[in-house]
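The next block holds one structure in the form of structure tokens; read it before the comments.
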Amino acid sequence: MSLLDSINKDNLPKHLAIIMDGNGRWAKQQGLLRAFGHEKGTKSVRTTVETCAKLGIENLTLYAFSTENWNRPKLEVDTLMRLLVSSLKSELKTLQNNNIKLNSIGNLEHLPNSIQKELKDVIEKTKNNTRMTLTLALSYGSREELLNVVKKISDNVKNNIISIEAIDESIINQHLYTHNLPDVDLLIRTSGEHRISNFLLWQIAYAELFFTNVLWPDFKEEDLYEAIISYQKRERRFGKTSEQINK
């Protein structure tokens with residue numbers, strides 16, 4: 001039996017998030033500049049997106065560029081920005097053919113104008129697609145996101161739009177970048193690191209975590225299948241006991 005045959009299509013994560021890590025180390029192992037690792041990583045993105053769509057996963061969020069990534073060497077940042085623009089242009093056909101809607105979260109105003117333009121264009125052209133929502137986290141940091149939420153809600157309280165007593169989890173959810181997405185069910189991180197790295201801290205409160213030593217450019221369909229199979233073997237209790245879950 002293949003790994004694909006082992007997957008229960010009735011128990012897929014509704015929202016899968018991935019920290020795509022290891023591009024630089026992959027390039028270093030090959031004796032190449034880090035930029036080549038990022039270029040190779042774009043192929044893993046395409047494979048993962050298409051595989052998730054075929055499986056029936058409704059929401060896929062990829063950590064493409066963090067707020068902290070702006071501190072990397074200028075050459076690497078410029079390469080990532082160039083790859084992002086070219087990928088948005090080249091992958092539009094793939095998104096359309098697979099009926100995938102593009103979404104983006106993060107401090108998008110910090111992105112170069114060329115990327116903002118391409119993002120808006122692809123988002124507009126795919127807005128009616130229904131098979132899966134692909135969200136790119138760009139210039140994204142969860143602490144910044146939560147800080148913005150606090151500021152927005154505080155301003156609403158100050159202006160008597162919301163009362164303090166009315167603030168609950170749903171109010172917070174409404175002010176997140178991900179207000180139109182469900183909480184994350186499964187979070188995958190590649191490259192052997194065991195960190196969340198300021199990614200969707202509120203949204204992964206009850207997510208299952210899967211860490212793999214595979215570097216992102218080497219991440220294949222089988223690696224995704226292994227993560228999903230691991231997820232399906234776990235008992236998600238959400239604070240309850242096994243007896244309560246299995247009633």
Side-chain angles (χ1 to χ4, degrees), residues 16-52 60-95 100-126 133-145 177-178 187-193 195-201 211-212 214-220 223-224:
L16 167 63
I18 303 179
I19 300 174
M20 307 177 293
D21 195 20
N23 290 338
R25 271 166 285 171
W26 181 90
K28 187 175 181 180
Q29 288 178 5
Q30 314 299 317
L32 302 170
L33 295 174
R34 292 175 63 88
F36 289 97
H38 295 305
E39 289 184 11
K40 185 71 161 57
T42 60
K43 296 180 180 178
S44 295
V45 170
R46 179 187 297 167
T47 297
T48 300
V49 169
E50 291 182 335
T51 302
C52 285
L60 171 64
T61 298
L62 301 178
Y63 204 6
F65 193 86
S66 74
T67 50
E68 292 77 17
N69 286 156
W70 289 115
N71 296 320
R72 291 191 174 187
K74 185 178 184 301
L75 176 61
E76 183 172 352
V77 172
D78 289 345
T79 297
L80 286 166
M81 293 299 107
R82 175 179 57 79
L83 283 173
L84 183 53
V85 171
S86 62
S87 293
L88 287 168
K89 289 180 177 179
S90 63
E91 296 304 320
L92 174 59
K93 185 176 180 180
T94 298
L95 295 175
I100 296 170
K101 175 182 177 180
L102 183 68
N103 182 38
S104 60
I105 58 173
N107 193 341
L108 305 179
E109 292 181 357
H110 278 191
L111 296 171
N113 290 333
S114 58
I115 292 178
Q116 292 186 44
K117 179 178 180 297
E118 288 299 331
L119 261 179
K120 289 178 182 177
D121 183 57
V122 178
I123 288 172
E124 175 64 24
K125 289 179 178 176
T126 62
T133 296
L134 168 63
T135 300
L136 299 181
L138 297 164
S139 191
Y140 174 88
S142 190
R143 286 186 172 183
E144 182 179 73
E145 177 183 26
Y177 292 137
T178 56
L187 172 68
I188 299 172
R189 179 167 189 152
T190 59
S191 87
E193 301 291 353
R195 293 189 298 273
I196 303 304
S197 296
N198 198 19
F199 185 48
L200 301 176
L201 299 179
F211 300 102
T212 175
V214 177
L215 301 176
W216 179 247
D218 291 327
F219 193 80
K220 303 292 190 298
D223 300 303
L224 177 61

Checklist entry - Do Ile19 and Glu193 pass the side-chain contact (heavy atoms from CB on, under 4.5 Å) test, and can you show the C-alpha distance, the side-chain angles, and the key distance before you say yes or no? => result CA-CA 10 Å; Ile19 300 174; Glu193 301 291 353; over 6 Å; no
Next on the checklist: If you define the side chain from C-beta out and look only at heavy atoms, does anything of Arg25 sit under 4.5 Å from Ser191?
Outcome noted: yes
Item to check | Where Ser44 and Pro217 come nearest, the two heavy atoms and their spacing | outcome: OG-O, 3.2 Å
Item to check | Side chain proximity check, Leu88 to Leu102, heavy atoms < 4.5 angstrom | outcome: yes
Checklist outcome for this item: Exactly one candidate in Thr48, Leu60, Leu187 meets side-chain contact (heavy atoms from CB on, under 4.5 Å) with Leu16; the answer is Leu60
Checklist entry - Looking only at heavy atoms, what is the nearest atom pair of Thr67 and Asn198, with distance? => result OG1-ND2, 4.2 Å
Item to check | Euclidean distance, Asp223 CG relative to Thr47 OG1, rounded to 0.5 Å | outcome: 10.5 Å
Item to check | Qualifying residues under ring-ring contact (aromatic ring centres under 6.0 Å, His included), relative to Trp216, sequence neighbours excluded | outcome: Phe219
Next on the checklist: Between Leu119 and Leu111, does the side-chain contact (heavy atoms from CB on, under 4.5 Å) criterion hold? Intermediate values first, please.
Outcome noted: CA-CA 10 Å; Leu119 261 179; Leu111 296 171; 4.0 Å; yes
Next on the checklist: Looking at Thr190 and Asp21, would you say the former's side chain and the latter's main chain have a donor-acceptor pair under 3.5 Å?
Outcome noted: yes
Checklist entry - Just how far is it from atom CG of Leu83 to atom NE2 of His38, taken to the nearest 0.5 Å? => result 8.0 Å
Checklist entry - Taking the side chain as C-beta and beyond, is there a heavy-atom pair between Leu224 and Ile188 under 4.5 Å? => result yes
Checklist entry - Looking at side-chain heavy atoms only, is the closest gap between Thr61 and Phe199 below 4.5 Å? => result yes
Checklist entry - Got a second to check how far Thr79's OG1 is from Leu84's CG, nearest 0.5 Å? => result 12.5 Å
Next on the checklist: Assess, by modelled atom type and distance only, whether the side chains of Thr94 and Arg46 contain a donor and an acceptor separated by less than 3.5 Å.
Outcome noted: no
Next on the checklist: Measuring only between side-chain heavy atoms, which start at C-beta, is Gln30 closer than 4.5 Å to Phe36?
Outcome noted: no
Next on the checklist: Any heavy-atom pair between the side chains of Thr178 and Glu145 that's under 4.5 Å?
Outcome noted: yes
Checklist entry - Heavy atoms, side chains only, cut-off 4.5 Å: are Thr126 and Leu92 in contact? => result yes
Next on the checklist: Strictly distance-based, threshold 3.5 Å: is any side-chain N or O of Lys220 a donor or acceptor partner for the main-chain N or O of Asp218?
Outcome noted: yes
Next on the checklist: Quick check against the 3.5 Å criterion: does Tyr63 have a side-chain atom that pairs as donor or acceptor with the backbone of Ser197?
Outcome noted: yes
Item to check | Atom pair CG/CZ of Leu80 and Phe65 - distance to nearest 0.5 Å | outcome: 6.0 Å
Checklist entry - Any salt bridge (Lys or Arg N to Asp or Glu O under 4.0 Å) pairs touching residues 69-84, not counting sequence neighbours? => result Arg34-Glu76, Glu39-Arg82, Arg72-Glu76, Lys74-Asp78
Checklist entry - Once you round to the nearest 0.5 Å, how far does CG of Leu33 lie from NZ of Lys28? => result 12.5 Å
Item to check | Enclosure of Leu32 CG (heavy-atom neighbours >12, cutoff 6.0 Å) | outcome: yes
Checklist outcome for this item: CG (Leu138) and NE2 (His110) are apart, to the nearest 0.5 Å, by 13.5 Å
Checklist entry - Are any of the side-chain heavy atoms of Asn69 and Ser66 separated by less than 4.5 Å? => result yes
